[in-house]
Amino acid sequence: MKKQNIPEEIFSLITEEEIIMFQELQIKIKELNHKTNLTRLINGDDYWVSQVFDSIWPFKTFPNINFDNKKFLDIGSGCGFPGLAYAIIHPTSEIYLVDSSKKKTDALKHLIKEINFKNNIHVINDRIENLAHQSSMRNSFNIATTRAVSNPSTVSEYILPMLKKEGIGVLYCGKWNDEESKNLDKTLEILEGKFKEKKKILLPKSKGTRNIILIEPKNLCPEIYPRKVGKPEKNPL
């Protein structure tokens, strides 16, 4: 295993076998990038810190929560972060990757076919605003997350309707201040959700600040949420 260009912080989080899988994933994404532009974060620290480390550290930093053997949903999965990253470090979990771009879901299907994931992985080309109103999907996930999709209030409207009563929503945020905290509290009240926990770190290699906000249902989310396509983004609660 070649270790050059892999930050030391990565080795404290995952095994050598998992690193090999992330190296394979990097190679396959690079190959796909020649045909279709999936991501610019594919070389050096852009890949190992901004993609891999950023995706996986939240699932290593809450020791009181068991993230194994779960039904996991990644909304707006793009080229597979954090969804495929979570899959590599949690091989007993069932994974659902959702993206509205067919180009990206086709790429995800190709990656899953090429790499020997141990998980049962489903790829869905649709909008979460539609999926959330299907009885087979709603209130059925232990973990739901989204990364680099929208503001915390908007993504809470996507996430909470998908969670089981005891499920956890994982929100990736950059900056975080009192105003954003108040906005999220107001949104969670409307959606029958509640704040669970927050962690903040400085990403390695000066890649910026990252806040992780955990949310959970208080009761089942009202059936009208999420609103129709585009509404959560244009008019956050």
Heavy-atom side-chain contact between P232 and E129 under 4.5 Å: yes
Are more than 12 heavy atoms from other residues, nucleotides or ligands located less than 6.0 Å from atom NZ of K60? yes
Under the ring pair (Phe, Tyr, Trp, His ring centres under 6.0 Å) test, which residues partner Y47, sequence neighbours left out? F81
Kindly check if the number of other-residue, nucleotide or ligand heavy atoms within 6.0 Å of CG (N177) is above 12? yes
Atom NZ of K198: over 12 foreign heavy atoms under 6.0 Å: yes
For R147 and D74, indicate whether the former's side chain and the latter's backbone hold a donor-acceptor pair under 3.5 Å. no
For K102, which residues count as a salt bridge (Lys or Arg N to Asp or Glu O under 4.0 Å) partner, sequence neighbours excluded? D106
Measure from the side-chain N and O atoms of Q134 to the backbone N and O of L131, and report whether any donor-acceptor pair falls under 3.5 Å. no
Answer yes or no: is there a side-chain heavy-atom contact under 4.5 Å between L25 and L84? yes
Measure across K205 and P7 and return the closest heavy-atom pair with its distance rounded to 0.1 Å. CE-CB, 3.9 Å
Mind listing the closest non-hydrogen atom pair of L38 and C79 along with its distance? CB-CB, 4.2 Å
With a 3.5 Å cut-off and no angle check, do the side chains of N151 and T154 form a donor-acceptor pair? yes
A107 and L32: which non-hydrogen atoms are nearest, and at how many Å? O-CD1, 3.8 Å
Side-chain contact, heavy-atom cut-off 4.5 Å: I124 with L97? no
N/O donor-acceptor pair under 3.5 Å between N142 side chain and I168 backbone: no
Within the distance-only criterion (no hydrogens, no angle test), does the side chain of D99 pair as donor or acceptor with the backbone N or O of K104 below 3.5 angstrom? no
Looking at L202, is its backbone amide N or carbonyl O close enough to the side chain of T209 to form a donor-acceptor pair, meaning the two atoms are under 3.5 Å apart? no
Would E94 and K71 count as a salt bridge (Lys or Arg N to Asp or Glu O under 4.0 Å) if you check the C-alpha gap in whole Å, the side-chain angles of each, and the deciding distance to 0.1 Å? CA-CA 5 Å; E94 183 177 12; K71 191 174 177 182; 5.4 Å; no
Between Y96 and F141, what is the ring plane arrangement, given parallel below 30°, perpendicular above 60°, and tilted in between? perpendicular
Is the shortest heavy-atom distance from the side chain of I201 to the side chain of F53 under 4.5 Å? yes
If you count every heavy atom of other residues, nucleotides or ligands that lies below 6.0 Å from N66 atom CG, does the total exceed 12? yes
Run the side-chain hydrogen bond (donor to acceptor under 3.5 Å, both in side chains) test against T187 and tell me which residues pass, sequence neighbours left out. S153
A quick test of your reading: do over 12 heavy atoms of other residues, nucleotides or ligands sit less than 6.0 Å from NZ of K231? no
Would you mind reporting whether N120 and I95 have side-chain heavy atoms less than 4.5 Å apart? no
More than 12 heavy atoms of other groups within 6.0 Å of E223 CD: no
Side chains of I213 and E197: does their closest heavy-atom pair fall under 4.5 Å? no
Is any side-chain heavy atom of F22 less than 4.5 Å from a side-chain heavy atom of I14? yes
Show the numbers, then the answer: is there a salt bridge (Lys or Arg N to Asp or Glu O under 4.0 Å) between K218 and E189? CA-CA 9 Å; K218 192 163 49 179; E189 191 68 31; 3.6 Å; yes
Should we say atom CD of E166 is surrounded by more than 12 heavy atoms from elsewhere, each under 6.0 Å from it? yes
In terms of heavy-atom contacts, does NZ of K118 have more than 12 from other residues, nucleotides or ligands at under 6.0 Å? no
Any heavy-atom pair between the side chains of F59 and I65 that's under 4.5 Å? no
State, to 0.1 Å, how close L203 and V49 come at their nearest heavy-atom pair, and which atoms those are. CB-CG1, 4.2 Å
Find out whether the Lys NZ or Arg CZ of K199 is both under 6.0 angstrom from the six-membered ring centre of F62 and within 45° of the ring's axis. yes
Minimum heavy-atom separation for S55 and Y172, please, with both atom names. O-OH, 2.7 Å
